[in-house]
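The block underneath contains the structure these notes are about, expressed in structure tokens.
What you see below is based on every heavy atom in this structure, not just the backbone, and it leaves out hydrogens, waters and symmetry mates. Just so it is clear: chains get the letters A, B, ... in the order the sequence lines come, proteins before strands, and each one is counted from 1. Note that the coordinates shown come from a computational prediction; the quantities given were computed from them, not determined experimentally.
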Amino acid sequence: MRLRIELLDLMVNIVSFNINGLRARLPRLLEFLEREKPDIVCLQELKGEPDALPTDQVEAAGYKALWHGQKGFNGVAFLSRGDGDLKLRRAGLPDDPAPEQARYIEAEAHGLIVASIYLPNGNPVGSEKFGYKLEWMARLEQHAAALLAEERPVVLAGDYNVIPEDRDTFSVKAMAHDALMQPESRAALRRIVHQGWTDALRQVHPDDDRLYTFWDYQAAAWPRDAGFRIDHFLLSPQAADRLAGAGVHKWARGEEKASDHAPVWLQLHDA
DNA sequence: ATGGTCGCGGAGCGA
């Protein structure tokens with residue numbers, strides 16, 4: 001028997017998952033944590049009472065948790081595996097146009113700054129909700145610029161509710177009047193990306209025209225693979241330099257009592 | 001598509 005000494009390329013594994021209701025999805029979430037054991041998990045759409053969050057069950061699964069919830073709607077969370085440092089940086093964006101809506105949490109763990117984002121949907125176009133979406137994106141743009149200036153590895157993860165390009169949807173025609181792919185929504189996302197962020201999923205899968213992360217519960221969207229791509233990882237240059245892989249856990253969308261989003265994953269080389 | 005499905009909260013809204 002010979003001993004082999006290998007240099008291990010350690011990785012940090014990050015997942016972003018819009019779970020569409022924590023109470024209904026907790027069994028799926030706990031199964032997912034047990035199966036994939038990601039180091040960091042960003043959750044969106046908890047839709048749960050802040051005082052009814054399952055901190056004990058998540059801790060039993062091996063995770064420390066930071067929650068930013070509100071009753072019935074929205075809600076984001078940040079989970080970090082193991083006993084390492086987990087530091088809350090902020091809950092809510094600076095100068096949030098509607099701070100009662102729990103849509104942003106930012107923390108530091110595993111040597112990274114990571115945000116969990118639930119960007120406003122914005123439908124219907126032309127409504128106050130659409131204006132709120134664009135205002136929120138302007139605030140995110142400001143904050144993203146401040147994060148870049150720190151010149152550290154930063155990951156902005158979450159449900160952006162923006163379809164970046166026509167090839168990111170099953171049907172341009174079906175979505176033409178949706179807030180998720182209006183030119184203003186796309187331009188607002190591009191303004192952020194063009195600051196110097198890398199869209200990790202597209203970077204890793206440059207030619208995949210069915211790189212979807214969401215399939216509606218309606219109209220048999222899942223069996224028809226009628227999805228679109230709205231969950232994104234934006235990486236600062238210092239994080240992009242460490243990009244090892246990214247993808248969609250598409251299998252999760254086919255489970256019983258699945259969320260309408262699939263978890264998306266990102267792997268970074270260790271520093 | 002005049003609909004179609006979910007989750008939360010316990011009716012109707014948000015997605």
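Nucleotides B:dG12 and B:dA1, compared at atom P, are 28 Å apart to the nearest Å. Taking atom C1' on both B:dG3 and B:dG9, the two are 24 Å apart, rounded to the nearest angstrom. Nucleotides B:dA11 and B:dG7 are separated by 14 Å at their C1' atoms, to the nearest Å.
Under a 4.0 Å N-O distance rule, the pair A:R229/A:D208 does not qualify as a salt bridge. A salt bridge is absent between A:E45 and A:R25; no separation between the charged side-chain nitrogens and carboxylate oxygens falls under 4.0 Å. Contact check on A:E150 versus A:R89 returns a salt bridge, with a Lys/Arg side-chain nitrogen under 4.0 Å from an Asp/Glu carboxylate oxygen.
Applying the salt bridge (charged side-chain N to carboxylate O under 4.0 Å, His left out) criterion to A:E141, with sequence neighbours excluded, gives A:R191.
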Contacts under 3.5 Å, N or O only, protein and nucleotides 12-15 of chain B:
| from | atom 1 | to | atom 2 | distance (Å) |
| --- | --- | --- | --- | --- |
| B:dG14 | OP2 | A:K129 | NZ | 3.1 |
| B:dG14 | O5' | A:K129 | NZ | 3.4 |

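Atom CD of A:Q70 and atom P of B:dG7 are 19 Å apart (whole Å). Atom CD in A:Q44 sits roughly 17 Å away from atom P in B:dG7 (whole-Å rounding). The interatomic distance linking A:L53 (CG) with B:dC8 (P) rounds to 12 Å, in whole Å. The CZ-C1' distance, from A:R23 to B:dC6, rounds to 13 Å in whole Å.
Judged by distance alone, the side chains of A:N123 and A:K129 never bring a donor and an acceptor atom under 3.5 Å apart.
Across all strands shown, A:L22 has heavy atoms under 4.0 Å from sugar-phosphate atoms exclusively, and none from any base.
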Mind running side-chain hydrogen bond (donor to acceptor under 3.5 Å, both in side chains) on A:Q195 and A:W197 for me, showing each step along the way? CA-CA 6 Å; A:Q195 293 174 348; A:W197 299 88; 3.0 Å; yes
